[in-house]
Asker: 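Structure below; questions to follow.
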Amino acid sequence: MFERVDYYAGDPILGLVEKFNADSNPNKVNLSIGIYYDENNKLPVLECVKTAEQRIANPISPRPYLPMSGLPGHRLACQNLLFGADAPVLQEKRVATIATIGGSGALKVGAEFIHEWFPKSKCYVSDPTWANHIAIFEGCDIEVGTYPYYDKSTNGIKFDDMMAFIGQLHKHDVVLLHPCCHNPTGTDLTQAQWDALLDVIKERELIPFMDIAYQGFGQDMDSDAYAIRKAAEMNLPLFVSNSFSKNLSLYGERVGGLSVICPSISEAERVFGQLVYTVRRIYTSPPSHGGRILDIIMNDDALYQQWVGEVYGMRDRIKAMRLKLKSVLEAKVPARNFDYITNQNGMFSFTGLTPEQVERLQTEFGVYLISNSRMCMAGLNVDNVDYVANAMAEVLKVE
């Protein structure tokens with residue numbers, strides 16, 4: 001019956017985690033998967049989350065189905081965080097927002113909507129991007145292409161090439177963008193570059209789809225949302241998928257949201273209805289526990305401020321690890337420029353290592369990176385950063 005079913009080789013990142021777990025090297029370091037670990041190499045439970053959990057458990061209450069769109073407080077939290085509580089688009093009720101099963105669920109629902117209502121649209125993603133971006137849109141029968149982005153020779157962005165490419169796309173083509181903490185490169189556009197890019201997107205009548213999974217890990221909550229708020233200010237028809245996996249350390253709860261800016265209230269109402277209908281056809285309604293945690297924290301002033309402080313603490317620890325890694329590498333490999341390590345933002349760094357060098361790190365030192373050279377900086381800590389830096393220096397010295 002199933003003899004023609006294709007074999008699935010598995011996700012390369014999750015497969016690398018399995019390989020790491022089987023490694024007997026006592027000094028092994030996992031820098032592959034995008035998860036934030038604290039200074040003790042533990043997955044943290046934020047203090048604000050502990051408080052919210054205690055409120056949920058006192059008393060323990062029934063678990064009814066949520067509305068298909070999710071809790072109102074969850075949806076409001078997404079809107080306020082992305083656009084700013086006083087944003088005109090919110091006051092004018094022109095944003096359709098639903099709670100989703102993580103950022104991936106938001107991308108899936110958004111892609112299904114685009115396929116249904118803009119069937120001729122193609123989607124263009126940065127070269128490189130998070131691999132699941134491509135898989136999700138192709139899984140919705142949307143043709144996916146790439147636009148120029150990362151420049152290996154400079155560890156920067158091919159901005160002129162990117163602008164030229166996007167400037168020739170067709171009306172209603174989708175451009176998938178990372179507002180901050182680009183995954184996998186960590187290399188972000190400046191605000192001036194965002195301004196110029198959004199002008200082209202508006203002129204060409206393209207559909208920007210911004211995926212923000214690391215808000216607060218780059219500069220700050222507001223600066224990281226600059227591109228989103230600028231697009232809203234320009235009245236662009238914008239899709240935004242956001243995730244709270246990283247900045248609330250709620251990976252397994254799958255808490256996310258999808259927001260769509262529309263030109264009018266009536267259009268926002270119709271879009272909202274179709275997003276809800278899409279949810280109904282896929283999973284009916286989002287899970288409640290993570291949504292309730294989010295609702296409590298984001299809509300309580302004291303807990304919200306505590307959360308922001310905890311996110312900035314995670315951000316600052318990652319920045320400190322970038323500085324330490326750079327300083328050791330500069331001392332060990334003085335002929336090479338490592339400024340890109342501290343110029344990049346968020347959890348990831350494109351180290352510039354070749355696949356062969358990445359393989360050497362694994363086999364000789366037990367240091368695990370993705371083969372494209374992406375390193376999760378949040379896996380570094382004071383106990384392993386010197387070991388990782390020295391291992392990297394060893395594989396770089398033979399160039």
Asker: Output the distance between atom CG (L107) and atom OG1 (T100), rounded to the nearest 0.5 Å.
Answerer: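 These two atoms lie 8.5 Å from each other.
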Asker: Do R280 and S285 get their side chains close enough for a donor-acceptor pair, meaning under 3.5 Å?
Answerer: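 Per modelled atom types, R280 and S285 side chains form no pair under 3.5 Å.
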Asker: What's the spacing between I201 CD1 and L236 CG if we round to 0.5 Å?
Answerer: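 Here the rounded value is 7.0 Å.
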Asker: Go through E112 and T278 one step at a time and tell me if the side-chain hydrogen bond (donor to acceptor under 3.5 Å, both in side chains) criterion holds.
Answerer: CA-CA 7 Å; E112 289 284 3; T278 302; over 6 Å; no
Asker: For E356, is there an ion pair with R360 - N to carboxylate O distance below 4.0 angstrom?
Answerer: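 Here R360 does not pair with E356 in a salt bridge, since their nearest N and O are not under 4.0 Å apart.
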Asker: Hey, what do you get for OG1 (T342) to CZ (R322), rounding to the nearest 0.5 Å?
Answerer: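 One gets 8.0 Å once the value is rounded to the nearest 0.5 Å.
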Asker: Shared ILVMFWY cluster between V45 and I56, side chains joined below 4.5 angstrom?
Answerer: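 Linked, V45 and I56 end up in one cluster.
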Asker: Would you mind reporting whether I166 and R204 have side-chain heavy atoms less than 4.5 Å apart?
Answerer: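 Sidechains of I166 and R204: no contact.
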Asker: If the test is ring pair (Phe, Tyr, Trp, His ring centres under 6.0 Å), which one of F113, F137, Y124 qualifies with F209?
Answerer: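 The residue from F113, F137, Y124 that satisfies ring pair (Phe, Tyr, Trp, His ring centres under 6.0 Å) with F209 turns out to be F137.
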Asker: Take atom CG in D301; do more than 12 heavy atoms of anything else shown fall under 6.0 Å from it?
Answerer: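 12 or below, so no.
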Asker: I'd like to know if D300 and R55 make a salt bridge, using a cut-off of under 4.0 Å between side-chain N and carboxylate O.
Answerer: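 Looking at D300 and R55, the cut-off is met.
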Asker: Please report the interatomic distance CD1(I98) to CG(L258), rounded to the nearest 0.5 Å.
Answerer: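 One gets 5.0 Å once the value is rounded to the nearest 0.5 Å.
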Asker: For E18, does the CD atom sit with more than 12 other heavy atoms under 6.0 Å from it, leaving out its own atoms?
Answerer: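 No, not enclosed.
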Asker: Where does the angle between the aromatic ring planes of Y214 and F217 fall among parallel (under 30°), tilted (30 to 60°) and perpendicular (over 60°)?
Answerer: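 Perpendicular.
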Asker: Which pair of non-hydrogen atoms, one from L81 and one from M221, has the smallest distance, and what is that distance?
Answerer: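 Here L81 and M221 meet closest at CD1-SD, 4.2 Å.
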Asker: Answer with yes or no whether the side chains of D295 and N299 bring together a donor and an acceptor at under 3.5 Å.
Answerer: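 Result is yes, a qualifying pair exists.
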Asker: Report, as yes or no, whether the 6.0 Å neighbourhood of atom NZ on K152 holds more than 12 heavy atoms from other residues, nucleotides or ligands.
Answerer: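 No, because the 6.0 Å sphere around NZ of K152 holds 12 heavy atoms or fewer from other groups.
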Asker: With a 3.5 Å cut-off and no angle check, do the side chains of N381 and R317 form a donor-acceptor pair?
Answerer: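 Side-chain D/A pair, N381 to R317: absent.
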Asker: State which residue, out of F348, W130, Y149, fulfils the ring pair (Phe, Tyr, Trp, His ring centres under 6.0 Å) condition with H182.
Answerer: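 Of all the options given, the one that passes is Y149.
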Asker: Hey, does I228 have a side-chain heavy atom less than 4.5 Å from the side chain of F83?
Answerer: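 Result yes, sub-4.5 Å side-chain heavy-atom pair found.
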Asker: Under a 4.5 Å cut-off applied to non-hydrogen side-chain atoms, are Q362 and D23 in contact?
Answerer: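 The answer is no, as the side chains (C-beta and beyond) never meet within the 4.5 Å cut-off.
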Asker: Does any part of the side chain of D195, heavy atoms only, come nearer than 4.5 Å to the side chain of Y226, both counted from C-beta?
Answerer: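 Sidechains of D195 and Y226: in contact.
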Asker: Would you please test K171 and S121 for side-chain contact (heavy atoms from CB on, under 4.5 Å) and show each step?
Answerer: CA-CA 8 Å; K171 179 179 179 180; S121 297; over 6 Å; no
Asker: Run the side-chain hydrogen bond (donor to acceptor under 3.5 Å, both in side chains) check on R374 and T185 step by step: do they pass?
Answerer: CA-CA 7 Å; R374 191 194 81 172; T185 71; over 6 Å; no
Asker: Ignoring hydrogens and angles, tell me if any N or O in the side chain of W307 forms a donor-acceptor pair with the backbone of N247 under 3.5 Å.
Answerer: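 Between the backbone of N247 and the side chain of W307 there is a qualifying donor-acceptor contact (under 3.5 Å).
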Asker: Hey, are D222 and R229 close enough for a salt bridge, meaning a charged N less than 4.0 Å from a carboxylate O?
Answerer: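 Between R229 and D222 there is a salt bridge, with a charged N closer than 4.0 Å to a carboxylate O.
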Asker: Any sub-3.5 Å donor-acceptor pair from N384's side-chain atoms to G379's backbone N or O?
Answerer: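 Indeed, once roles are kept as given, a pair shorter than 3.5 Å links the two residues.
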Asker: Kindly work out whether a path of hydrophobic side-chain contacts (I/L/V/M/F/W/Y, heavy atoms less than 4.5 Å apart) joins F350 to M377.
Answerer: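 They do not share one cluster, since no chain of ILVMFWY contacts under 4.5 Å joins F350 to M377.
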Asker: Kindly compute the distance separating CG (L380) from CE (M375), expressed to the nearest 0.5 Å.
Answerer: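 Those atoms lie 6.0 Å apart.
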Asker: Side-chain heavy atoms nearer than 4.5 Å, only ILVMFWY residues, links allowed to pass through others: does that put Y277 and I282 together?
Answerer: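 No, no single cluster joins them.
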Asker: How long is the gap from CD1 on I134 to CD1 on I142, to the nearest 0.5 Å?
Answerer: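 Interatomic distance, I134 CD1 to I142 CD1, rounded to 0.5 Å: 13.0 Å.
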Asker: Does the S349 side chain pair with the main chain of I341, one donor and one acceptor, at a distance under 3.5 Å?
Answerer: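 It does not hold such a pair.
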Asker: For the residue pair K158 and F165, establish whether any side-chain heavy-atom pair is separated by less than 4.5 Å.
Answerer: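 No, their side chains stay 4.5 Å or more apart.
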Asker: Both conditions, 6.0 Å and 45 degrees, for the charged tip of R315 above the ring of Y312: are they met here?
Answerer: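 The answer is yes, since R315 meets both limits relative to Y312.
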Asker: Check whether any side-chain heavy atom of L294 sits under 4.5 Å from a side-chain heavy atom of E253, and report yes or no.
Answerer: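 Side-chain contact under 4.5 Å: no.
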Asker: Counting heavy atoms not belonging to K28, are there more than 12 under 6.0 Å from its NZ?
Answerer: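 Check passes, neighbour count above 12.
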Asker: Using modelled atom types and a 3.5 Å cut-off, is there a donor and acceptor pairing between side-chain atoms of E39 and backbone atoms of V382?
Answerer: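 Yes.
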Asker: Please check if the side chain of S373 supplies one atom and the backbone of G352 the other of a donor-acceptor pair under 3.5 Å.
Answerer: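 Present.
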Asker: Answer whether the closest heavy-atom distance between the side chains of T190 and F159 falls below 4.5 Å.
Answerer: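 Not in contact.
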Asker: Considering only heavy atoms from C-beta outward, does the side chain of Y150 approach that of S126 to under 4.5 Å?
Answerer: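 No - every pair of side-chain heavy atoms lies 4.5 Å or more apart.
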Asker: Quick test of your reading of the model: are E53 and K50 salt-bridged, counting only N-O distances below 4.0 Å?
Answerer: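 No, this pair does not count.
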